[in-house]
Protein chains: 2
Amino acid sequence: MSAVKANTPFVRLFGRYLREQGLPVTHQREAVAEVVFTSPEHLSVDEIERRLRQGGERIGKATVYRTLDLLVRSRLVEEHDFGEGFKRYEHRLSRQPVHEHLICLECGKVIEFRSAEIQRVEARVRDEHGFLPARHRVEIYGICRECREAGATIPAGGLTCPIDTV
Amino acid sequence: MSAVKANTPFVRLFGRYLREQGLPVTHQREAVAEVVFTSPEHLSVDEIERRLRQGGERIGKATVYRTLDLLVRSRLVEEHDFGEGFKRYEHRLSRQPVHEHLICLECGKVIEFRSAEIQRVEARVRDEHGFLPARHRVEIYGICRECREAGATIPAGGLTCPIDTV
DNA sequence: GTCCATGCAAACCTTTTGCACTATA
DNA sequence: TATAGTGCAAAAGGTTTGCATGGAC
């Protein structure tokens, strides 16, 4: 109930997609969309479910998964896997359209950045490998500024005589 | 037994790592290392276990997982997640040291390529965001040359009036 | 002989599915 | 009213863990 504020423009866009597909626009679907569209973060399924329940919704985890599947299909939402053992979801509206992610190994923070270089890489693999790019995943893992200033360093490891790293 | 051919140089390197860590060099550990180091592919745990059993080894899945963990720690092996629901492992010896992956959405083939641009991206995020890169993941998903010539296309979807894609 | 690794099976965790019931259109 | 969605619980699938046994050093 309360989690669906009114029907924000983004939720309406999702409703339009559902109607185009001949699918019912249900209360739960709008509620999940509302949570995802009103959050600037990269949410996990658990976080989405928790916010819905805190907002007074009665919703099952299965419905959250099923609705996220629809949101990803509609291309309004992107699915990410930062290697945490579960997925995160991020909407694609009102933000830099194509962007990559910096993930801090210390605090887990996710920073978005744009890179024109990646488009050059895609053009190059098309020319050199005959490979037609559809989408890409570019993630850089490291230590963010704040954690560096707090003294964090990259965890070392491996053989004492490291193998080639270039 | 039979899977451990002799003790290839790469397996010996892993043995050296184990001794450095004060860990026993066991038959199973050498067998897993041998399979990974003698394969040019990106192997799944299932594939590794199957090859070991076909080679006459008596080994449990848990040991494969535990040994892969050690191999990744030693930095001799890299872990990948191409979004298939399980992980793949690739050794880092005798091949292009740092490389990225093209993954065909049609046939699942993985092509390796090098990119100098990525290093420029890492230098840029260090300068612009104060972010210290440790490692990265660059994967481009699309259609490989062979599948294109066989008529494969990128699966479409989403809203009929697509949102910004640049 | 002392540790640590191994194999097996059970546990774990995220995600998916089956089914009786409910809501959309 | 017909169709499809929902919640719940069970299942699935990859990965991890507990424990008694066996192997490395």
Side-chain angles (χ1 to χ4, degrees), chain A residues 1 3-4 7 11-12 14-35 42-50 52-53 55-74 77 79-89, chain B residues 1 3-4 7 11-12 14-33 35 42-50 52-53 56-74 77 79-89:
Chain A
M1 292 260 140
V4 181
N7 245 20
V11 175
R12 274 197 293 271
F14 181 46
R16 184 179 125 205
Y17 169 77
L18 291 172
R19 274 183 286 271
E20 277 176 5
Q21 304 292 314
L23 299 173
V25 179
T26 67
H27 177 73
Q28 287 92 334
R29 285 175 177 172
E30 290 185 319
V32 172
E34 182 69 29
V35 167
H42 302 70
L43 296 172
S44 67
V45 170
D46 259 356
E47 287 163 350
I48 293 168
E49 191 192 20
R50 195 174 323 123
L52 286 167
R53 289 195 198 268
E57 293 290 336
R58 180 177 170 278
I59 195 165
K61 196 162 286 197
T63 299
V64 177
Y65 276 105
R66 288 185 276 230
T67 304
L68 285 169
D69 185 53
L70 290 167
L71 283 163
V72 170
R73 263 186 236 256
S74 77
V77 166
E79 187 180 76
H80 293 294
D81 182 349
F82 295 142
E84 300 166 294
F86 53 85
K87 301 211 170 67
R88 292 187 175 275
Y89 297 85
Chain B
M1 286 265 141
V4 182
N7 244 20
V11 175
R12 273 197 293 271
F14 181 46
R16 184 179 125 204
Y17 169 78
L18 291 172
R19 274 183 284 271
E20 276 176 6
Q21 304 292 315
L23 299 172
V25 179
T26 66
H27 177 73
Q28 289 90 334
R29 285 175 177 172
E30 289 184 320
V32 171
V35 166
H42 301 71
L43 295 172
S44 67
V45 170
D46 260 356
E47 287 163 349
I48 293 168
E49 192 193 18
R50 193 172 326 122
L52 287 167
R53 289 196 198 267
E57 292 291 335
R58 180 176 170 279
I59 194 165
K61 196 161 285 197
T63 299
V64 177
Y65 276 105
R66 287 186 276 230
T67 303
L68 284 169
D69 185 54
L70 290 167
L71 283 163
V72 170
R73 262 186 237 257
S74 76
V77 166
E79 187 180 75
H80 294 294
D81 182 349
F82 295 140
E84 301 166 294
F86 53 85
K87 301 214 171 68
R88 291 188 175 275
Y89 298 85

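Source: prediction; values computed, not measured. Throughout, a chain's letter reflects where its sequence line sits, starting with A, and its residues are numbered from 1.
Atom C1' of nucleotide dT15(D) and atom NZ of Lys61(B) are separated by 10 Å, given to the nearest angstrom. Between the P atom of dC8(D) and the OH atom of Tyr65(A) lies a distance of 16 Å, rounded to the nearest Å. Leu68(B) places its CG atom 10 Å from the P atom of dT15(D), with the value rounded to the nearest Å. At whole-Å resolution of the value, CZ in Phe86(B) and P in dT15(D) are 8 Å apart. One can place CG of Asp81(A) at 14 Å from C1' of dT15(D), the figure rounded to the nearest angstrom.
Atom CZ of Arg73(B) sits about 11.0 Å away from atom CG of Leu71(B), to the nearest 0.5 Å. Rounded to the nearest 0.5 angstrom, Arg58(A) CZ and His27(A) NE2 are separated by 11.5 Å. The CD1 atom of Ile48(B) lies 13.0 Å from the CD atom of Glu57(B); values are rounded to the nearest 0.5 Å.
The one candidate from Leu70(A), Thr26(A), Ile59(A), Val11(A) that meets the side-chain contact (heavy atoms from CB on, under 4.5 Å) condition with Val32(A) is Ile59(A).
Each of Gly22(B) and Val64(B) was assigned the nucleotide of DNA chain C with the nearest heavy atom; the assignment lying further toward the 5' end belongs to Gly22(B). Sequence order on DNA chain D of the closest nucleotides to Leu70(A) and Tyr89(B) puts Leu70(A) first from the 5' end.
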(request) Give the intermediate values and the outcome of side chain to side chain contact (heavy atoms under 4.5 Å, CB included) for residues Tyr89(B) and Val45(B). (result) CA-CA 8 Å; Tyr89(B) 298 85; Val45(B) 170; 3.8 Å; yes
(request) Run the numbers on Asp46(B) and Lys61(B) for side chain to side chain contact (heavy atoms under 4.5 Å, CB included), then give the verdict. (result) CA-CA 8 Å; Asp46(B) 260 356; Lys61(B) 196 161 285 197; 2.8 Å; yes
(message) What verdict does the side chain to side chain contact (heavy atoms under 4.5 Å, CB included) test give for Arg16(B) and Glu20(B), after you've listed the backbone C-alpha separation in whole Å, the side-chain angles of each residue and the deciding distance to 0.1 Å?
(response) CA-CA 6 Å; Arg16(B) 184 179 125 204; Glu20(B) 276 176 6; 3.5 Å; yes
(request) Starting from the C-alpha separation in whole Å, work towards a yes-or-no answer on side chain to side chain contact (heavy atoms under 4.5 Å, CB included) for Arg66(A) and Asp69(A). (result) CA-CA 5 Å; Arg66(A) 288 185 276 230; Asp69(A) 185 53; 5.6 Å; no
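Of all the heavy atoms in His42(A) and Arg88(A), the pair that sits closest is O-NH1, 2.7 Å.
Of all nucleotides in DNA chain C, those with any atom nearer than 4.0 Å to a heavy atom of chain A start and finish, going 5' to 3', at dT14(C) to dA25(C).
Two residues are said to be in side-chain contact when any heavy atoms from C-beta on lie closer than 4.5 Å; Glu49(A) and Arg53(A) meet this criterion.
Comparing the axis of the opening five pairs of the helix from dG1(C)-dC25(D) to dA25(C)-dT1(D) with that of the closing five pairs yields an angle of 30°, rounded to 10°.
Counting only distance, with no hydrogens or angles, the side chain of Arg29(B) and the backbone of Pro24(B) share a donor-acceptor pair below 3.5 Å.
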(message) What does the B/S/- profile of nucleotides 18-25 of chain D look like, 5' to 3', with a 4.0 Å heavy-atom cutoff to protein?
(response) B-----SS
